[in-house]
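These numbers were taken from a predicted model, which means no experiment stands behind them.
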Amino acid sequence: VGEFFSTCGFVQPSKECKSRLRGGSHLAGAANNVAPFQRDGAEGCPSCNFLVCVCARAPPSVTRVTSVLTHSSGELLLLGTEGGHVFIVEVPGFRDCRSTIHSDLQKPPYDYIGRRNLEHVEALQENPINSNQVAIGYGRGLMVIWDLNHRCAIRHIPATQQLESMWWTENGSCILSSHSDGSYCCWTLRTGDKKEEEEKSNIPYGHFPCKAINKIVQLPTAGGPPFLLFSGGMPRASYGDRHCITVIYSKTQVAFDFTSRIIDFFVIRDGPHHTEPSALVVLVEEELVVIDLQTEGWPVIQTPYLVPLHSSAITCSHHVSAIPLKLWERIIAAGVVQNTQYSKKLWPITGGQNLAPDPPQRDLLLTGHEDGTVRFWDASGVCLYPLYKLSTAAVFNADADLNDNMSQSAEGEWPPFRKVGCFDPYSDDPRLGIQKIHLCKYSGYLTVAGTAGQILMLELNDEAAEQTVEAKVVDLLQGQEGFRWKGHTQLDVREEPVLFPPGFQPFTVVQCQPPAVVTALNLHSEWKLVAFGTSHGFGVYDYLQKNTVLVKCTLNPSDQLAMEGPLSRVKSIKKSLRQSFRRIRRSRVSLRKHHISNTNKVIQEANARLEAELAEMELAPVQRKIEARSSDDSFTGLVRILCFADTFLSDSSHNTPSLWAGTNGGTVFAYILYIPPVEHRADEALTAQPAKEIQLMHRAPVVGIVVLDGHGAPLPEPLETAHDLARSPDLLGSHHVLVISEEQFKVFTLPKLSSKMKLKLTAVDGSRVRRVGVAWFGSSRTEDYGESGLVFLTNQGDVHVLSLPHIKMQIRYPCIRREDVSGIASCVFTKQGQGFYLMSPSEFERFSLSTRYLVEPRCLVEAPLPPVFSNQHQPKLEGASSALRYMLSPYFPFFLQEIQKSLEGDQT
């Protein structure tokens, strides 16, 4: 028995609660009562299945529930099954199973018999003005009006097309039926006459074959024509792949076009008697959309919660803690300008109480997406609230559509489509994808890097500006011959001025050559430098003087795969075979020209290398033998980490700015940066000089570099000390550098780089480091005390905490399933010992390792409990939930027996 998680939307804006229902459950509301019903469903079936365990001999075609109707009295529940029966259940106690409506009791018209059978119950509707009458719609088209008191059919409506849905108008005079051919009919019910009058079948979108209208609703208005809403009905050949809901009011008709499948919709009504349609609530497969029906143009109401994170596929994320108030307000102001297309109406769904205190600080979560956008989320509380969206597509001559997806359809277009919702999974140019993000919260500078080797420098501006973005090309190969890039081309920067809205505006683009994926990025806003790295090398760019300071090629001559495009560190058998055969082919070409006699030797070497790679792949991570990796492995020159630090690198008496770079081959490069004084910073050129180089013996990829001051504490962030938000680093004691590879942690003294201590990880438990970060763990008892620790995530999904500077293991916490490779790869740590990771493409899971900084949902939803039946033999269940009371009711077994008898009688 699995678990079903449902996110409820009946709480206050920006508040969510999650309920866990065992066995897969369905929530059905009956007046003031809400009861969960057990269901035994077919996998992948979206409709509700049978809600209780019935006779084992009953076939699924009889027991499976296809429609549910909660009676307005709050005492009856009508269940239509696939066998054509309708079970009437008394709730909340399941005390009795009243007369079951069998399909053979309907007595359809004579011309309907023999032509087709009734099939399953497709829809159930109650008469709005007479609660004793219920309309039953069968899949083949027949609709029957049933009298609950007299237990008989009082009217038959023999439709000729397959039925999809029904709607009984509020005055009780008409029944609307929608059908599988894209048509709908209005059946007028005459008073005192058992005959009905069918109006002409209406096909809204032409005479060509159309898709089915899955649901239809008609609601009256005060002193005006009614609203008609239906889903589906699009022309099958031209727009059969569209997911639309059509709204018709008077002479206005709009087909709201969604980018994912429509699950259901309903209309919220306002007014003194709650009769005036005000908002259309649509639940689609990927998001929740609410449309304002009272404002001209029917705009969308901005969603305060349940916003789709994966509007475009998430490619990276970046967390920034303790945002200054001024920067926070400027980002919010830029986001407000972007939301002018939304309705000004308040969110119409309310309820519940928020019991959580105000967050102690303002946190941002930045997500990079496949379409070249960066979205800013308020991560201070439980829910992620969208603040601002940055698009980088306008900088380039890309094929991306720059028009907003909320734009109106062209005048005269038919059907009158209007795109709604923000979920858009399609990317016109994959080169726009964001791979790395770095934001300086003190200066307002932002740098983002993409898939095609582009690095954008952006500055926050409160006003719109039209400007030309300067492009700078950096050749990471430094003119090396014999290499040819086989991947995608670079993005071309627009030469003409571009009008940028308020917010983060780009002023410089650095283009790496070859245009490979940017794998490392770091920004030092105090020095006005940005460092970037790819699979070919790394560089440093001065965005104040707009020139290149440093370029270093790390490409190994044997790294031929680094010339073939986007990287993939997962070694597959196909890639190993392909690589081996390419080596053989190159060897054969050269041997024909020089030495043919060496052919057998080359083949034997290639086969031996292939066997070694396959043998390594077959070993489990725990059983892997720890050996020094070969320098011929693919992507050894790939840059994994870049770090700026002001430390002792040349001698022990003078601290100097420095850059540290770690590669996939276990190499660490250290460069001294000579930065002019502040008064000459804009005039004098910066220089970089190589100072140190470390080659780890095991050659494992370097995933982190942390420089520790004289007290063993990590160096503060740029400008953090200048804003009095951190103490100045200790420059009297000796500094150390902690190098974190996938397999071990090693501390070196500075400036000599002699090994001081190390901690082996892979050799002990077989796991490897995947993500690493430095966090401050404050005491939950004393606010003035705290410790710095190193937090890292392994490929087994475990989160570990190490003490600094002694790198002693403190705690181990199983966090992510080790099979969830994408979740492990997406993990990002915060400065307060928390973390985020994608538990699915559309959901972030948040966890905390700190006892002081906890973010947890604290809310209250008061649901009225049903009355307890006065029975002397009934057990006392005052402390139990309403769902438990239903299941423990003494009448529940009797209800099961009645259902079983009814089904057994139907089979005979």
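The two atoms that bring Lys746 and Ser755 nearest to each other are CE-OG, 3.1 Å, heavy atoms only.
Between Leu521 and the options Ile437, Leu642, Val530, a side chain to side chain contact (heavy atoms under 4.5 Å, CB included) holds for only Val530.
Classification of the Phe507-Tyr445 ring pair by plane angle, with boundaries at 30° and 60°, yields perpendicular. Ring orientation note: the planes of Phe669 and Phe538 are tilted relative to one another, at an angle of 30° to 60°. Note on ring orientation: taking the six-membered ring where Trp is involved, the planes of Phe792 and Phe745 are tilted (angle from 30° to 60°). Between Phe504 and Tyr388, the ring-plane angle classifies as tilted under the 30° and 60° cut-offs.
Side-chain polar atoms of Thr656 and His654 form no donor-acceptor pair below 3.5 angstrom. No side-chain donor-acceptor contact under 3.5 Å links Gln834 and Tyr853. Side chain to side chain, Gln796 and Ser767 fail the donor-acceptor criterion of an N or O pair below 3.5 Å.
Between Leu456 and Thr508 there is no side-chain heavy-atom pair separated by less than 4.5 Å. Looking only at side-chain heavy atoms (C-beta outward), Val737 and Trp660 come within less than 4.5 Å of each other. In this structure, Trp527 and Pro657 have side chains that are in contact, with non-hydrogen atoms separated by less than 4.5 Å. A 4.5 Å side-chain heavy-atom check between Leu731 and Phe648 finds at least one atom pair inside the cut-off. Between Leu790 and Leu738, the closest side-chain pair of non-hydrogen atoms falls below 4.5 Å. Side-chain atoms of Phe829 and Leu793, non-hydrogen and from C-beta on, do get closer than 4.5 Å to each other. Taking 4.5 Å as the limit, some side-chain heavy atom of Leu364 sits within range of a side-chain heavy atom of Trp328. Considering only heavy atoms from C-beta on, Phe836 comes within 4.5 Å of Thr830 through its side chain.
A donor-acceptor pair under 3.5 Å links the side-chain atoms of Gln695 to the main chain of Gly665, judged by distance alone. Under a 3.5 Å cut-off, the side chain of Ser380 and the backbone N or O of Asp363 do form a donor-acceptor pair. Side chain of Arg852 to backbone of Ser779: a donor-acceptor contact under 3.5 angstrom is found.
Summarising the geometry, atom CD1 belonging to Ile332 is positioned 10.0 Å from atom CG belonging to Leu327; distances are rounded to the nearest 0.5 Å. Put simply, NZ on Lys831 and OG on Ser788 are 10.0 Å apart, with the number rounded to the nearest 0.5 Å.
More than 12 heavy atoms of other residues, nucleotides or ligands lie within 6.0 Å of CD in Glu856, so this atom counts as buried by the packing criterion.
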Side-chain donor-acceptor pairs of residues 710-724 under 3.5 Å, sequence neighbours excluded:
{"residue": "Glu720", "atom": "OE1", "partner": "Glu717", "partner atom": "N", "Å": "2.9"}
{"residue": "His723", "atom": "ND1", "partner": "Leu719", "partner atom": "O", "Å": "2.8"}

Residues 307-316 side chain polar contacts: donor-acceptor under 3.5 Å, at least two apart:
{"residue": "His310", "atom": "NE2", "partner": "Glu286", "partner atom": "OE1", "Å": "2.5"}
{"residue": "Ser311", "atom": "OG", "partner": "Arg375", "partner atom": "NE", "Å": "3.1"}
{"residue": "Ser311", "atom": "OG", "partner": "Arg375", "partner atom": "NH2", "Å": "3.0"}
{"residue": "Ser312", "atom": "OG", "partner": "Asp371", "partner atom": "N", "Å": "3.2"}
{"residue": "Ser312", "atom": "OG", "partner": "Asp371", "partner atom": "OD1", "Å": "3.4"}
{"residue": "Thr315", "atom": "OG1", "partner": "Gly368", "partner atom": "O", "Å": "3.0"}
{"residue": "Thr315", "atom": "OG1", "partner": "Ile434", "partner atom": "O", "Å": "2.4"}

Pairs under 3.5 angstrom only: tabulate donor-acceptor contacts from the side chains of residues 807-816 to other protein residues two or more places apart or in another chain.
{"residue": "Gln810", "atom": "NE2", "partner": "Ser803", "partner atom": "OG", "Å": "3.4"}
{"residue": "Gln810", "atom": "NE2", "partner": "Lys808", "partner atom": "O", "Å": "3.3"}
{"residue": "Arg812", "atom": "NE", "partner": "Asp798", "partner atom": "OD2", "Å": "3.1"}
{"residue": "Arg812", "atom": "NH2", "partner": "Asp798", "partner atom": "OD2", "Å": "2.7"}

### Task
Test side chain to side chain contact (heavy atoms under 4.5 Å, CB included) on Phe644 and Leu529 and set out the steps.
CA-CA 9 Å; Phe644 287 107; Leu529 299 177; 4.1 Å; yes
